[in-house]
Amino acid sequence: MSDTIERIKCLIIGSGPAGYSAAIYAARADLKPVMYTGLQMGGQLTTTTEVDNYPGYPNGTDGTAMMEDFKNQAERFDTEVRFGIATKVEFDNSVGGIHKITIDNSKIIEAETVIISTGATAKYLGIESEQRLIGGGVSACATCDGFFYKGQDVVVIGAGDTAAEEATYLANICRKVTILVRKDFMRASKAMQHRVEKTENIEVMFHTELDEVMGESVVEGVRVFNNQTDEKQTLDVTGVFVAIGHQPNTEIFKDVLDMDEVGYLITKGKSTKTNLPGVFAAGDVQDNEYRQAVTAAGTGCMAALDAERYLGSLA
Ligand code: NDP
């Protein structure tokens, strides 16, 4: 390990809407933030096409372009945006303590405050045709991409609250939504299941799994199979929404920060404070409920304000 050490006031880990919003606010508060972007610069939004639900873009924008705007705005206020990933953390648990974060297994950052905005990663099934068609009709976000399937037929894969919620959202836009459930029941809350049952253009296929997504560059249908009878059938759909859960990107914080059973960081009350002083969490890494760019940006702003107030309280 190299001995490059740098001391800063505010380190931001992750470059989605939460990270950049934190950066804009932290920079304007003169915390001279340094951001490490992570491998996927710009976060999950760079995997979607058009973003039509972020306020301020009346004609919609493209996810990657929007994150470039976020980055430019953060840099305008002298945020230092660096490509790299945090590989190890040694957080101090005393008020006013210095947190040590190793970047790319080599450089050490000593930070007075840390804002964690490492996001979450949508889970996919992992089959070849599904992976190939991500962005070409396969999506893990109905609120991001559902609009493009207006009047069309789509499938949703999963049986939890996300699947039920995505299906009812899509049912308002699409002609027909078919939910593929691998067991003989949905694990979504009863209330969500009632909504699904009451929605006329949703069909639930139990004991049914995806075999293949058809199409070369865009989805032209799916082949599914009944896992009891092995019977296969083709569904004529143009969109495939995978809703089998998200995995928060919190591996390096295990046994260090409080997290729930899935791995989402736990923040205190309405704040972005974690269980350690000077360490804050914003965006999807601490939110398994709303998971929107605009809510992530909101908590990013909160994290910067929390960091600023924390430093102010030490003075
Ligand atoms: P969950 O982990 O609750 O559900 C994932 C679903 O995906 C399960 O039904 C699971 O099936 C299914 N699944 C997993 N792997 C596969 C696979 N390989 N093939 C087919 N199906 C698969 O994740 P959610 O994202 O739905 O929810 C996460 C948390 O967020 C939950 O606590 C949920 O309550 C909460 N949430 C709350 C909402 C709200 O209150 N409005 C909205 C959305 C989420 P199986 O059942 O067979 O294991």
Side-chain angles (χ1 to χ4, degrees), residues 44 47-48 53 118-134 138-146 154-173 177-199 202-213 219 222-233 235 237 239-251 258-267 281 283-296 298-299:
Q44 289 184 82
T47 66
T48 66
N53 55 7
T118 48
T121 306
K123 290 190 208 160
Y124 283 91
L125 299 166
I127 61 180
E128 189 278 328
S129 54
E130 171 213 51
Q131 293 294 303
R132 180 164 43 82
L133 288 162
I134 290 174
V138 174
S139 165
C141 179
T143 37
C144 317
D145 298 326
V154 299
V155 288
V156 172
I157 301 161
D161 280 324
T162 302
E165 197 167 75
E166 304 255 286
T168 47
Y169 177 84
L170 289 165
N172 282 325
I173 302 166
V177 180
T178 305
I179 308 181
L180 307 181
V181 174
R182 64 180 172 180
K183 292 184 181 148
D184 64 354
F185 65 92
M186 288 189 78
R187 80 155 80 148
S189 65
K190 287 284 173 251
M192 288 304 296
Q193 289 193 47
H194 286 318
R195 279 183 64 189
V196 166
E197 283 158 15
K198 279 198 314 209
T199 308
I202 298 181
E203 180 188 351
V204 182
M205 291 175 73
F206 292 102
H207 284 309
T208 305
E209 296 183 44
L210 184 75
D211 192 33
E212 192 184 347
V213 187
V219 173
V222 289
R223 191 167 57 235
V224 300
F225 68 99
N226 182 301
N227 57 25
Q228 302 293 292
T229 62
D230 263 348
E231 191 190 326
K232 291 190 177 175
Q233 64 173 295
L235 304 179
V237 296
V240 177
F241 289 87
V242 184
I244 61 171
H246 284 75
Q247 191 57 48
N249 302 319
T250 52
E251 194 58 36
D258 288 349
M259 48 182 83
D260 70 12
E261 65 283 357
V262 180
Y264 285 94
L265 297 183
I266 294 171
T267 49
D284 287 13
V285 74
Q286 51 84 58
D287 171 21
N288 72 359
E289 200 170 331
Y290 300 106
R291 295 194 297 240
Q292 300 301 302
V294 67
T295 52
T299 55

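The first residue of the sequence shown is numbered 1, and numbering continues consecutively from there. Values reported hereafter were calculated over all heavy atoms of this structure, with side chains retained and with hydrogens, waters and symmetry mates removed. Just so we're clear, the structure is a prediction, and the values are computed from it rather than from any experiment. In listed order, ligands and their atoms are each counted from 1.
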Per-atom contact, atom 3 (O) of ligand 1, protein heavy atoms, under 4.0 angstrom: yes
4.0 Å protein heavy-atom contact status of atom 38 (C) of ligand 1, strictly under: yes
Atom of A142, atom of L170 and distance for their closest heavy-atom approach: CB-CG, 3.8 Å
Which residue and heavy atom of the protein sit nearest [atom], plus the separation:
| atom | result |
| --- | --- |
| atom 41 (N) of ligand 1 | E165 OE2, 2.9 Å |
| atom 36 (N) of ligand 1 | D161 CB, 3.7 Å |
| atom 30 (O) of ligand 1 | N288 O, 3.6 Å |
| atom 46 (O) of ligand 1 | R187 NE, 3.2 Å |

So does [Y] get a backbone contact from the side chain of [X], meaning a donor-acceptor N/O pair under 3.5 Å?
| X | Y | result |
| --- | --- | --- |
| T199 | E197 | no |
| D258 | I266 | no |
| E130 | L125 | yes |
| Q193 | A188 | yes |
| E166 | V156 | no |
| D260 | G263 | yes |

Under-4.0 Å salt bridge between E209 and R182: no
Check: A163 N/O within less than 3.5 Å of ligand 1 N/O: no
Any N or O of R291 closer than 3.5 Å to N or O of ligand 1: no
V262 contact mode with ligand 1 (heavy-atom cut-off under 4.0 Å): neither
Nearest option to atom 14 (C) of ligand 1, as decided by whichever heavy atom of E166, K123, R182 sits closest: R182
Winner among D184, I244, V181, T162 once heavy atoms are compared against atom 21 (N) of ligand 1: I244
Min heavy-atom dist E209 to ligand 1 below 4.0 Å: no
pair T162-R291: side-chain heavy atoms closer than 4.5 Å: yes
Per-atom contacts, ligand 1 versus G245 - under 4.0 Å to a heavy atom: 23 (O), 25 (O)
Ligand-residue contact atoms, ligand 1 with L125, heavy atoms, under 4.0 Å: 17 (C), 18 (N), 19 (N)
